[in-house]
Amino acid sequence: MNKDREEVINSSVVICRGGKIKVTSREKNRFIPAFITAAAVLTIISLWYLDIEWIKLASRIPDVGNVFWKLAHFNFDKLDLILEALIETISIAVLSLIYSLVMGIVFGMLGSRNIIKTKGVAVLVQSLFTFFRAVPTPVWVLLMLVCLGMGPEAGVAGLCVHTTAFFTKSFAQSFEDIPAETLEALESTGTNKLSVFVNAVLPASFSQIIAWTGMRLETNFSECAILGMVGAGGVGFVISRNLQNYDYGTAGLAIFLVFIIAYFIERLFVTIKKRIA
Amino acid sequence: MSEYKKISVMARGQKRLYTGFIVVIIVLFVLTSIYTNFNPVILIQNGEAFVEFIVNDFFPPALPKESRIMGVFSSVLVTLALAVSSTTIAAVLAFFVALFGSERVSVFPRFAKVVRGFATFLRNIPALVWAFILFSSLGIGTGVGFIALLISSFAFMVRAFVETMEDVSHDCVESLAAVGATFPQRVAQAILPSCINGFLSWYLYCIEVNIRASTVVGMVGGGGVGLTLFSYIKGFKYDVAFSIILLIAVMVIAVDRITGSLRKEINR
């Protein structure tokens, strides 16, 4: 509110020739037009560099309609197979979320500067996990597939790498937001470090932890749904194999179910967020 | 001695929430562990082989053949170009669609729900699934990767833009509507000035996401550095693959840094 009012005061009211009131604010961010121009130029260069054969693509658009038409005719013959894969996918997503939640809290503690005061530990933890976070999840899963062989283990372990890194960063941020006075007050009563963490830091950042977890569940599910496509199991495998075998009805049904569950998770998360806030 | 009473530091309501959360987590943990047969003990027992594999096959990171080095760098450029161009075009499209996705702004308020529902549908299907659907109809190539990224970031930005507009500007829009401003005037004078910062922040966020996503879409046939990485892993050249993973990490971190400082500049 205050900001709005300031803007009103700062903007000058100049009456122009036509009797119109000019209402442009003086305090404009000059950076924004420059940014937009730069983005446009970069995009044009990128498109030129990519050299996409638009005409060829456009000529195949009727095929897209065709495929969607076929996808929309659900084939319920393999419903049990799809459901099984879907439950496996959800299980992998949830399990990796839980493991990462625990690891994220531990590493988040190690990575926040107000809790671990030894110099360098936080920086080391943060930069290691920045690297883990920078590499996309499917790459980790692919590596885990190579190391551990096929099966849900690779999926869980691969997802854990990225999710733990994400949690470490966001939890460390939440932990660092806790005022130093709170920690000092408890420490001065002789509470040991672990107890301070469990009784003060965790409860204070609890609602944020839930929010991050909910957000991550959404991402994890969609990541997990695509993992099958790079060779791990689950519903992604069902989708990609059926698409490659031109069994569009089954693939369409699987995609639709993925959509339903993703939508359900999103709604659930929105409700939880509303109740906490 | 043990007569003293402990004082609970937490509020009672919060404690209940705490317990509920932990119980849910434990139940889910047990259920999913049983279903997937995932046993961390086995993983740790296999740890030795795992570490050995990493140390022997991945380290030290090796350079690809000299003739391929330029190819690797140009594939990084393809990935970057894919992400930037698809996000920008998606942002422009999403801006116009988002105008019709908010009941307060749109000229057809009844239509807003349909727009949002459509965006929700597009968004909740992962980019890679779009890529696969499009590969089966359009064939493999960068163009298809472009469209797949376009669809998912378009849908994401429609939602984000609608939320930004709902948060910021309905007072402005209403007062302009009251003095008789037309729809394009309302957009240009009320919505754009107050929301542009939010829009651009989301745009930058989307670029960050799309850099990762375009690597992944590349892996299944969209071209770019993902495809390069995939071919090295398939060819069991793990040491080269490792240096490409490092390259991807450097690329992503650099982009995150740049977008981070741009975002600060925009919101100043």
Side-chain angles (χ1 to χ4, degrees), chain A residues 23 25 29 31-32 35 39-40 42-43 45-47 49-50 52-54 57 60 63-64 66-67 71 87-88 91-92 94-95 98-99 101 130-131 134-136 138-139 142 146-148 152-153 156-157 199-200 203 206 210 222-223 225-226 229-230 239-240 243-244 255 258-259 262-263 266, chain B residues 9-10 14 17-18 21 25 28-29 32-33 35-38 40 43 46 50 53-54 77-78 80-82 84-85 88-89 120-121 124-126 128-129 132-134 136-139 142-143 146 189 193 196-197 200 212 215-216 219-220 229 233 238 245 248-249 252-253 256 262 265-266 268:
Chain A
V23 282
S25 165
N29 192 338
F31 181 73
I32 287 175
F35 173 76
L42 261 181
T43 305
I45 294 175
S46 303
L47 282 177
Y49 184 77
L50 286 176
I52 297 168
E53 290 161 331
W54 293 110
L57 271 185
R60 284 186 187 153
D63 289 351
V64 179
N66 215 349
V67 165
L71 282 174
I87 293 175
E88 193 184 354
S91 304
I92 293 174
V94 171
L95 198 58
I98 294 171
Y99 276 111
L101 190 67
T130 308
F131 166 65
V135 181
V139 176
L142 212 58
V146 172
C147 297
L148 301 171
E153 286 86 10
V156 174
N199 289 311
F206 186 62
I210 292 186
S222 65
E223 295 267 23
I226 65 179
M229 299 185 161
V230 296
I239 294 174
S240 62
L243 275 178
Q244 275 156 4
I255 293 171
V258 167
F259 160 69
Y263 182 70
E266 191 190 296
Chain B
V9 192
M10 269 181 275
Q14 200 180 20
L17 196 72
Y18 221 40
F21 184 67
I25 291 274
L28 280 177
F29 177 72
T32 50
S33 286
Y35 190 82
T36 53
N37 256 332
F38 181 76
L43 207 66
N46 287 342
F50 182 66
F53 177 78
I54 287 180
L77 278 184
V78 166
L80 288 173
L82 258 183
V84 171
S85 57
T88 314
I89 291 179
T120 309
F121 176 70
N124 278 322
I125 294 176
L128 204 57
V129 176
F132 258 88
I133 294 174
L134 293 172
S136 67
S137 49
L138 295 174
T142 8
F146 176 84
Q189 302 299 332
I196 190 87
N197 293 0
L200 291 180
R212 293 177 173 86
T215 314
V216 176
M219 273 167 47
V220 295
L229 174 67
I233 290 180
Y238 297 123
I245 289 175
I248 291 173
V252 171
I253 292 171
D256 281 3
L262 284 177
E265 201 66 33
I266 284 170
R268 208 169 45 181

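In what follows, chains are A, B, ... by sequence order, proteins preceding strands, each numbered from 1.
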What residue, out of A:Y49, A:W54, A:F131, has the most heavy-atom pairs lying under 4.5 Å from chain B?
A:Y49
Minimum heavy-atom distance A:S46-B:S85, with the two atoms named
CB-CB, 3.9 Å
Is it the side chain or the backbone of B:I233 that comes within 4.5 Å of chain A heavy atoms, both, or neither?
side chain
At a 4.5 Å cut-off on heavy atoms, which part of A:I45 comes close to chain B: side chain, backbone, both, or neither?
neither
Chi angles and distances behind the side chain to side chain contact (heavy atoms under 4.5 Å, CB included) call for B:L262, A:F31:
CA-CA 9 Å; B:L262 284 177; A:F31 181 73; 3.5 Å; yes
With a 6.0 Å cut-off (strictly less than), is the heavy-atom count around OH of A:Y263, excluding the residue itself, greater than 12?
no
Could you check A:L47 against B:F146 for side chain to side chain contact (heavy atoms under 4.5 Å, CB included), going step by step and ending with a plain yes or no?
CA-CA 10 Å; A:L47 282 177; B:F146 176 84; 3.8 Å; yes
Quick check for you: among B:I89, B:L80, B:V78, which has the greatest number of heavy-atom pairs under 4.5 Å with chain A?
B:V78
For A:P136 and B:I248, which heavy atoms make the closest approach, and how far apart are they?
CD-CG2, 3.9 Å
Largest heavy-atom contact set with chain A, pairs under 4.5 Å, which of B:L28, B:L200, B:T142:
B:L200
Closest heavy-atom contact between A:F259 and B:F121?
CE1-CA, 3.4 Å
Taking all heavy atoms of B:I25 and all of A:I98, pick out the closest pair and write down the distance.
O-CD1, 3.6 Å
For each of B:N124, B:L77, B:V252, B:L82, tally heavy-atom pairs with chain A at distances under 4.5 Å, and name the one with the top tally.
B:N124
A:V258 vs B:I125 side-chain heavy atoms within contact, under 4.5 Å
no
Who among A:L50, A:L243, A:T130, A:V139 has the most heavy-atom pairs with chain B under 4.5 Å?
A:L50
Whatever's closer than 4.5 Å to a heavy atom in chain A on B:L229 counts as side chain
Below 4.5 Å, heavy-atom pairs only: which of A:V94, A:I87, A:I92 has the largest tally toward chain B?
A:I87
Report which part of A:V67 has an atom under 4.5 Å of a heavy atom belonging to chain B: side chain, backbone, both, or neither.
side chain
Minimal non-hydrogen separation, B:M219 against A:P138, with atom names:
CE-CB, 4.0 Å
Quick check on B:F21 against chain A: is it the side chain, the backbone, both or neither that has a heavy atom closer than 4.5 Å?
side chain
Can you tell me which portion of A:Q244 sits under 4.5 Å from chain B's heavy atoms? Options are side chain, backbone, both or neither.
side chain
At a 4.5 Å cut-off on heavy atoms, which part of B:L134 comes close to chain A: side chain, backbone, both, or neither?
side chain
Given a strict heavy-atom distance threshold of 4.5 Å, which part of B:V216 is in contact with chain A: side chain, backbone, both, or neither?
side chain
I need the residue from B:T88, B:L128, B:V84 with the largest number of non-hydrogen atom pairs under 4.5 Å to chain A.
B:L128
Pair count under 4.5 Å, heavy atoms only, with chain B: among A:L42, A:L101, A:I255, highest is A:I255
Below 4.5 Å from any heavy atom of chain A, which atoms of B:T215 appear? Answer side chain, backbone, both or neither.
side chain
Note: B:T32 and A:S91 closest approach over all heavy atoms is CG2-CA, 3.6 Å
A:I239 versus B:I133: any side-chain heavy-atom pair under 4.5 Å?
no
